[in-house]
Amino acid sequence: ADAKTREALGLMFDFEWINANVFGGLYTRTKSFFDESEPSSHGRPAGPRELALLAPYPGAVRPDILDGRWAPHVSDGAGRDRDGARRALALLAEAGWRRGRDGLFRRGADALEFEIIVVTRTQERLATAFADSLARIGVPVRVRAVDEVQYQRRRQKFDFDMMPGAWIASPSPGAEQRGRWGSAAATQDGSFNLAGVKSAAVDAMIAAVVSARSDEDFVADVRALDRLLLSGFYIVPLYHTSDQWIGYWKTLDKPARAPMFGVNLDLWWRRTP
């Protein structure tokens with residue numbers, strides 16, 4: 001329930017090592033909930049409309065995220081990154097965690113430990129690498145592989161500490177954001193608010209996104225929502241591909257330019273001899 005603790009845990013996800021050793025360098029680290037699109041806040045300072053929307057919620061967005069300067073930590077790729085561990089331990093200390101004989105403890109709380117549930121071998125490899133990194137700073141993590149039925153049941157009932165999740169972003173985000181990040185969905189079984197986000201500021205930005213009446217307002221509203229979600233450190237950002245990979249028979253042909261929403265096989269045809 002503490003943003004600094006969540007940020008510290010995320011610092012220990014060594015994407016550079018995982019990308020090089022598990023995926024052969026194929027992926028790009030995700031830096032925004034709407035990455036590589038116009039509504040993404042990454043690398044863009046907040047404009048006047050965003051500042052006005054966020055003004056009633058002082059402190060809800062971190063200064064570096066408000067300025068567009070924030071990005072996930074970049075490790076040295078060696079698998080034992082010291083800088084990330086140093087920063088993580090400093091954040092945990094600020095959050096009140098103290099090192100004990102068997103891990104990290106906070107007054108009035110149990111030890112800092114949790115479980116990651118996974119359902120595929122790829123997820124298990126990711127979670128195990130993450131757990132190994134967290135063990136270096138005294139945070140024990142259990143990785144539990146479950147079957148698909150149990151995985152879905154626990155996801156729908158929010159019966160987990162941490163799990164892999166995916167939120168497929170539309171080029172035009174809208175009312176679906178309520179089910180992903182809205183306060184009402186945080187306790188609604190089966191919703192996609194897996195992080196349990198309950199924030200009046202987030203609710204207000206979603207309402208602004210849904211009611212936007214111009215392209216300029218829409219883009220600003222989504223960016224404001226993006227900044228709030230990034231500032232909450234509700235997730236550990238994973239990765240994505242910037243391209244869409246396709247294999248096809250050379251007898252097929254396709255339009256010279258891909259449609260806006262990616263490859264559409266309905267527009268392909270078979271070449272005649």
* Evaluate the side chain to side chain contact (heavy atoms under 4.5 Å, CB included) criterion for residues Met163 and Val118: first the C-alpha distance (whole Å), next the side-chain angles of each, then the deciding distance (0.1 Å), finally the verdict. => CA-CA 6 Å; Met163 71 185 307; Val118 298; over 6 Å; no

* Asked: Would a 4.5 Å heavy-atom cut-off, applied to side chains only, mark Asn193 and Arg180 as touching?
  -> no

* Asked: Where is the tightest heavy-atom contact between Asp110 and Trp97, given as atom of each residue plus distance?
  -> O-CZ3, 3.5 Å

* Asked: If only atom types and distance count, is the side chain of Arg213 paired as donor or acceptor with the main-chain N or O of Ser211 below 3.5 Å?
  -> yes

* To do: Would you mind checking if Asp221 and Arg49 are paired as a salt bridge, meaning a charged N to carboxylate O distance below 4.0 Å?
  => yes

* To do: Report yes or no: does Asp81 contribute a side-chain atom to a donor-acceptor pair with the main-chain N or O of Asp76 at less than 3.5 Å?
  => yes

* Asked: Does Leu238 share a hydrophobic cluster with Val197, counting links as ILVMFWY side-chain heavy atoms below 4.5 Å and allowing steps through other members?
  -> no

* Between Glu115 and Arg154, is there a side-chain N and carboxylate O pair less than 4.0 Å apart? -> yes

* Asked: Tell me the side chain to side chain donor-acceptor pair (under 3.5 Å) pairs involving residues 123-141, sequence neighbours left out?
  -> Arg121-Glu124

* **Short side-chain donor-acceptor distance under 3.5 Å, His240 and Thr28** => no

* Output, in order, the C-alpha distance, side-chain angles, deciding distance and verdict of side chain to side chain contact (heavy atoms under 4.5 Å, CB included) for Glu113 and Val139. => CA-CA 6 Å; Glu113 56 181 315; Val139 179; 5.5 Å; no

* **Residues that Tyr234 engages under ring-ring contact (aromatic ring centres under 6.0 Å, His included), provided they are two or more places apart** => none

* List the steps and the verdict of side chain to side chain donor-acceptor pair (under 3.5 Å) for His73 and Asp14. => CA-CA 8 Å; His73 172 65; Asp14 195 338; over 6 Å; no

* Asked: So with a 6.0 Å cut-off around CH2 of Trp249, is the heavy-atom count from everything else above 12?
  -> no

* Check the pair Leu134 / Phe13 against side chain to side chain contact (heavy atoms under 4.5 Å, CB included), numbers first and verdict last. => CA-CA 8 Å; Leu134 287 165; Phe13 185 80; over 6 Å; no

* **Side-chain (Arg106) to main-chain (Ala95) donor-acceptor, under 3.5 angstrom** => yes

* Between Pro39 and Phe33, is any pair of side-chain heavy atoms under 4.5 Å apart? -> no

* Asked: Do side-chain atoms of Arg6 reach the backbone of Gly232 as a donor and acceptor pair under 3.5 angstrom?
  -> yes

* To do: For Arg144, look at atom CZ and say whether over 12 heavy atoms of other residues, nucleotides or ligands are found less than 6.0 Å away.
  => no

* Does one hydrophobic cluster hold both Ile65 and Tyr57, with members joined at side-chain heavy-atom distances below 4.5 Å? -> yes

* Side-chain donor-acceptor pair present, Ser75, Trp17, cut-off under 3.5 Å -> no

* Asked: So, Asp67 side chain and Ala46 main chain: donor-acceptor pair closer than 3.5 Å or not?
  -> no

* Same apolar cluster: Leu104 and Phe233, side chain cutoff 4.5 Å -> no

* Ring centers of Trp181, Phe192 separated by less than 6.0 Å -> no

* Parallel, tilted or perpendicular: which fits the ring planes of Tyr239 and Tyr27, with parallel below 30° and perpendicular above 60°? -> tilted

* Side chains of Glu36 and His42: is there a donor and an acceptor less than 3.5 Å apart? -> no

* Asked: Okay, side chain of Lys31, backbone of Arg29: is any donor-acceptor separation there less than 3.5 Å?
  -> yes

* Asked: Does CZ in Arg82 sit with more than 12 non-hydrogen atoms of other residues, nucleotides or ligands closer than 6.0 Å?
  -> no

* Asked: Is it true that Val22 and Met12 fall in one hydrophobic cluster, defined by side-chain heavy atoms closer than 4.5 Å?
  -> yes

* To do: For atom CD of Gln150, decide whether the heavy atoms of other residues, nucleotides or ligands shown that lie under 6.0 angstrom number more than 12.
  => yes

* Asked: Would you find a donor on one side and an acceptor on the other, under 3.5 Å apart, between the side chain of Arg44 and the backbone of Ser40?
  -> yes

* Asked: If you measure from CG on Asp217 to CD on Glu50, what distance do you get to the nearest 0.5 Å?
  -> 11.0 Å

* Yes or no on side chain to side chain contact (heavy atoms under 4.5 Å, CB included) for Leu91 and Thr5, after CA distance, side-chain angles and deciding distance? -> CA-CA 7 Å; Leu91 279 171; Thr5 301; over 6 Å; no

* Asked: Is there a donor-acceptor pair closer than 3.5 Å between any side-chain N or O of Ser37 and the backbone N or O of Phe34?
  -> yes

* Asked: Got a donor-acceptor contact below 3.5 angstrom from the Arg271 side chain to the Lys250 backbone?
  -> yes

* Would you say the side chains of Ser32 and Asp35 form a donor-acceptor pair under 3.5 Å? -> no

* Leu194 with Leu229, same ILVMFWY side-chain cluster at under 4.5 Å -> yes

* Answer yes or no: is there an ion pair linking Arg62 with Asp64, defined by an N-O contact shorter than 4.0 Å? => yes

* Asked: Would you say Ser41's side chain and Asp226's backbone share a donor-acceptor pair under 3.5 angstrom?
  -> no

* Structure fact -> Taking every heavy atom of Trp268 against every heavy atom of Ile246, the minimum-distance pair comes out as CH2-CG2, 4.2 Å

* Asked: With sequence neighbours left out, which residue pairs that include part of residues 157-168 fulfil the side chain to side chain donor-acceptor pair (under 3.5 Å) condition?
  -> Lys157-Asp189

